[in-house]
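The structure appears below as structure tokens.
Start at 1 and go down the list; that is how both ligands and their atoms are numbered. Only heavy atoms go into these numbers, but all of them, side chains included; no hydrogens, no water, no symmetry mates. Note that this is a predicted model, so its numbers are computed, not measured.
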Amino acid sequence: MNTLHTIAQLRAALARARQDGKRIGLVPTMGNLHAGHVTLVNKARQRTDFVVVSIFVNPLQFGAGEDLESYPRTLEEDQRKVLDAGGDLVFAPNVKEIYPEGMGGHTRISVPVVSEGLCGASRPGHFEGVATVVCKLLNIVQPDLAVFGQKDYQQLAVIRKMAHDLCLPVLVMGEPTVRAEDGLALSSRNGYLSAEQRRTAPVLFEILQQVAKSVKDGERDYPVLIEAARQRLADSGLRADYLDLRDALTLNPVDADTRDMVILAAAYLGNTRLIDNLLFDLH
Ligand code: PAF
């Protein structure tokens, strides 16, 4: 696998690909790739001719006390997985390459409204860090297409809004969450779970499914429904950070007219923060 570490090397490789008339796809990741990432690479592969997978654990999106230091870094295995999935090139810069003058004075991209609430409320500055690095990666690679996972639903909404507002010439695509057989959404952070926690974790998705089913079956007392779901999370040993029903398109709170909904949750199992969501509609 061809892995490049500098922006200059990457731009040279991309210039050659473009000269050959290739359409460029980008899959931005923080590495420790799993089957969910592989579907993103597959999608980019289907839609473009030259697929770049970036692997960069972005310090700007981690808050104090979060898992920046312990975040799994597995470049060698990741390179193999990218190759197997049909990727053409890994871009794995170090922090100095992306933030040569440090992060303090670096330009930041802030995407208001859609970044607020949910993960934005409990991880201040997180989406600013995500939007900044994604904008930067999009400017470095200048892809025709960039593919992201829907597991980070709010992140995808933030990136779409940024691309729209800043007229970035890229198609942003979201791919459905890939799950383990027991329903747990695949995540690099699942590796932090003990065997017992791993057995408990699928309850998060079960609860989301229950809420969606109740709404589809006609339940409209959303606060009561949400409270019952939070209680079930607590009874199962998870500490809810948030659990909320939102408009799937705007992420605004739902009202009587909302038809496309998403139920989103973040919950702690021990020290591990799991997130998940489920899209459904009332059409
Ligand atoms: O979802 C992720 O892995 C990251 O937030 C992203 C989009 C690669 C930006 O660092």
Would you say V224 and V254 are hydrophobically clustered, going by side-chain heavy atoms of ILVMFWY under 4.5 Å?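 As far as the 4.5 Å side-chain criterion goes, V254 and V224 are not connected within one cluster.
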Which residue and non-hydrogen atom of the protein lie closest to atom 10 (O) of ligand 1, and at what distance in Å?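 Result for atom 10 (O) of ligand 1: Q61 OE1, 2.6 Å.
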In terms of residue, atom name and distance, what is the protein heavy atom nearest to atom 2 (C) of ligand 1?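 The protein heavy atom lying closest is Q155 NE2, 3.8 Å.
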What orientation do F62 and Y71 show, parallel under 30°, tilted 30 to 60°, or perpendicular over 60°?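 Plane angle over 60°, so perpendicular.
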Which ligand 1 atoms does M30 reach within 4.0 Å, using its non-hydrogen atoms?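 With M30 as reference, the close atoms of ligand 1 come out as 3 (O), 4 (C), 10 (O).
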With atoms numbered from 1 as shown, which atoms in ligand 1 lie under 4.0 angstrom from a non-hydrogen atom of V133?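 So the answer, numbered in order with elements, is 9 (C), 10 (O).
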Determine, stepwise, if the pair Y192 / L274 fulfils side-chain contact (heavy atoms from CB on, under 4.5 Å). CA-CA 10 Å; Y192 298 152; L274 302 174; over 6 Å; no
Should the proximity of T29 to ligand 1, defined as any heavy atom under 4.0 Å, be assigned to the side chain, the backbone, both, or neither?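 Only the backbone of T29 comes within reach of ligand 1.
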Test: R123 and D241 ion pair at under 4.0 Å: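 Answer for the salt bridge query: no.
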Taking the side chain as everything from C-beta on, heavy atoms only, tell me whether V53 gets closer than 4.5 Å to T29.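 Yes. Closest side-chain heavy atoms under 4.5 Å.
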